Amino acid sequence: MSEVLLQVEGLKKSFGGVVATDDVALDVRLDEIHAIIGPNGAGKTTLITQLFGEQLPDAGHVFFKGNDITRLALHKRASIGLARSFQITSVFMDFSVLDNVALAVQAHEGHSFKFWKAATTEFLLRENAMKALAQVGLDGRASNMASELSHGERRQLEIAMALATNPVFLLLDEPMAGMGAEESALMVKLLKGLKKDRAILLVEHDMNAVFELADRISVLVYGKLIATGTPDEIRNNSEVREAYLGEA
Amino acid sequence: MSVQEVPKNLKPHLQAPSLFGFGQGKLVTILIMALLFMLPMIAWWMGNKFYLDFSVRIICLAIAAVSLNLILGFGGLVSFGHAAFIGIGAYAVGIPAYHGYESAWLHFPLAVGLAGLFALVTGAISLRTKGVYFIMITMAFAQMAYYFFLSLEEYGGDDGMTLWSRSDFGLINISDGLTFFLLCYSVLAICIYLTFRIVNSRFGMVLRGCNSNEPRMKALGYNTYLYRLTAYVISGAMCGLAGALIANLQDFITADTMTWTRSGELMFMVILGGAGSIFGPVFGAVAFLLIEEVLSAFTIYWALPFGILLILSVLFIKGGVNGLILRGWKS
């Protein structure tokens with residue numbers, strides 16, 4: 001089995017009396033897509049905000065390549081190889097598509113206290129940005145404003161921006177949200193090509209996509225992980241069917 | 001990097017930005033900047049000192065507006081305390097001069113340095129807040145600086161202090177109106193060019209990115225606070241320079257140069273001219289002071305029609321004067 005990149009141990013978080021994350025342990029390995037599914041309100045978002053340091057857990061640890069990153073500052077995470085896309089599309093609307101990605105590339109190239117040379121004339125910045133755009137098939141739209149893109153294209157742009165920092169660990173927060181069937185199919189194809197030399201944690205509602213993409217699936221219900229396994233194991237797990245897939 | 005190595009699909013995306021913009025707007029911008037240079041010279045040549053001084057006033061405030069535009073227009077930081085930097089720059093000329101130190105090579109670095117330092121200290125605190133709180137806290141710091149200078153009895157207190165002779169540059173003598181005008185115009189040109197370089201650099205992209213979507217910038221790994229603070233310090237230092245020039249222009253320094261209404265005027269110049277455009281604040285300063293001048297010739301109640309005009313311009317002219325120039329020639 002391949003190397004464990006991200007490991008979560010005993011993670012707990014509660015808001016008042018509500019336990020949103022209840023002793024969660026999971027790992028994500030190199031070359032795999034690990035999906036987290038669960039009904040609305042299961043605590044998926046709370047869980048991943050803790051993985052990315054946007055919220056601190058009450059207890060437990062998050063390890064990346066064996067180092068404890070539970071309390072690592074948000075802006076330091078990109079430089080060690082973590083990147084995420086957002087559930088709500090969050091791009092720079094008044095920037096061109098290429099500039100969006102170039103900003104992401106730039107973030108990975110040391111500090112930006114460079115005041116003189118025009119960033120738009122920097123060959124490597126632009127070339128790497130273009131490569132990331134080409135990976136998601138958006139290179140044809142490079143000079144459009146992000147605000148001119150369709151919803152599906154903005155989701156693609158999100159992923160290009162995450163790829164621009166060349167991360168080893170990629171968190172995709174509902175990449176298919178709000179997409180039509182055609183757009184979703186395109187995205188599934190895209191994501192399949194991305195897992196090589198990477199670990200991907202996928203949070204997604206689109207079950208067809210999840211079962212097609214994921215190497216392993218974890219099911220979260222009321223803040224608790226009730227099962228982890230291959231898509232087939234999850235499909236046949238009676239507890240999961242009862243709690244989440246309803247009848248099936 | 002030779003030109004041949006650039007792949008074909010990348011070429012259109014590797015263009016250097018243009019200082020004056022593109023198309024017909026470019027011509028108008030150059031024309032206005034040329035007029036701002038020529039008209040005061042003609043006024044001086046015809047022996048009209050008033051219009052020369054008036055032009056220098058426009059130029060000095062344009063420098064302050066350009067500095068504010070860097071953080072307000074490009075950085076999205078609404079500072080309501082920029083007058084403080086003007087005041088600090090002005091007193092950095094007045095106080096040494098009072099003690100007999102008249103060298104401009106002391107005055108100007110001191111003005112830039114102290115304004116930058118004040119920006120560093122107040123910015124470090126202010127930038128921990130957002131939105132309305134940022135506006136209020138920058139204004140509060142500016143008012144603190146205002147009352148500080150107002151209470152300095154030694155330096156005139158609320159009576160102000162007279163600058164008996166202008167800063168001494170050694171080589172050039174800025175007591176001469178035309179020389180002073182040329183100095184101010186050069187400083188403005190340099191500040192515009194600096195802004196142009198900065199906003200298009202990597203740093204500028206980060207600054208604009210923070211304006212567009214700060215949470216996303218943080219997620220990308222940028223320490224947005226540090227970049228914004230740096231921009232704030234650059235802006236403050238530049239505005240201090242404007243203050244040093246204004247002290248020399250007026251030959252008289254009072255804390256009134258740094259009241260909060262002055263901060264508001266600067267904001268208005270930026271917005272009226274076109275926030276986030278290179279030349280917008282210059283157009284804004286020209287328009288603001290011209291309208292003020294014309295209206296006050298008609299009535300002592302000029303502030304009322306002036307206010308109405310400003311409100312209308314903000315409501316109906318998208319992108320300010322700069323936007324008007326770009327659009328007017330497009331359609």
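Chain identifiers are assigned alphabetically (A, B, ...) following the order of the sequence lines, protein sequences preceding nucleic acid strands; residue numbering begins at 1 within each chain. Just so it is clear, the structure is predicted and the values come from calculations on it, not from any experiment.
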Side chain from CB out, backbone as N, CA, C, O: work out which of these in [X] comes under 4.5 Å of a heavy atom of chain B, or both, or neither.
X        : value
A/Ser79  : neither
A/Leu103 : both
A/Ala83  : neither
A/Phe52  : neither

Counting only heavy atoms not in B/Phe316, do more than 12 fall under 6.0 Å of its CZ?
no
Any idea which of B/Pro17, B/Ala16, B/Gly209, B/Gly204 has the most non-hydrogen atom pairs under 4.5 angstrom with chain A?
B/Gly209
Residue B/Leu226 versus chain A: region with a heavy atom under 4.5 Å:
both
Segment of B/Tyr225 engaging chain A (4.5 angstrom heavy-atom cut-off):
neither
Taking only residues at least two apart or on different chains, which pairs with a member in residues 153-180 of chain A satisfy ring pair (Phe, Tyr, Trp, His ring centres under 6.0 Å)?
none
Check: A/Phe113 ring centroid to B/Tyr227 ring centroid under 6.0 Å
yes
Would you say that A/Phe92 contacts B/Arg208 through its side chain, given a criterion of any heavy-atom pair below 4.5 Å between the two side chains?
no
Chain B interface, residue from [options] that has the most non-hydrogen pairs under 4.5 Å:
options                              : answer
A/Lys76, A/Glu54, A/Glu122           : A/Glu122
A/His108, A/Met93, A/Arg77, A/Glu127 : A/Glu127
A/Asp94, A/Thr120, A/Leu125          : A/Thr120

Quick one: CG on A/Leu138 to CG on A/Leu149, what's the gap to the nearest 0.5 Å?
6.0 Å
Measuring from A/Leu51:CG to A/Leu26:CG, what's the distance to the nearest 0.5 Å?
7.0 Å
For the residue pair B/Phe279 and B/Phe283, categorise the inter-ring angle as parallel (less than 30°), tilted (30 to 60°) or perpendicular (more than 60°).
parallel
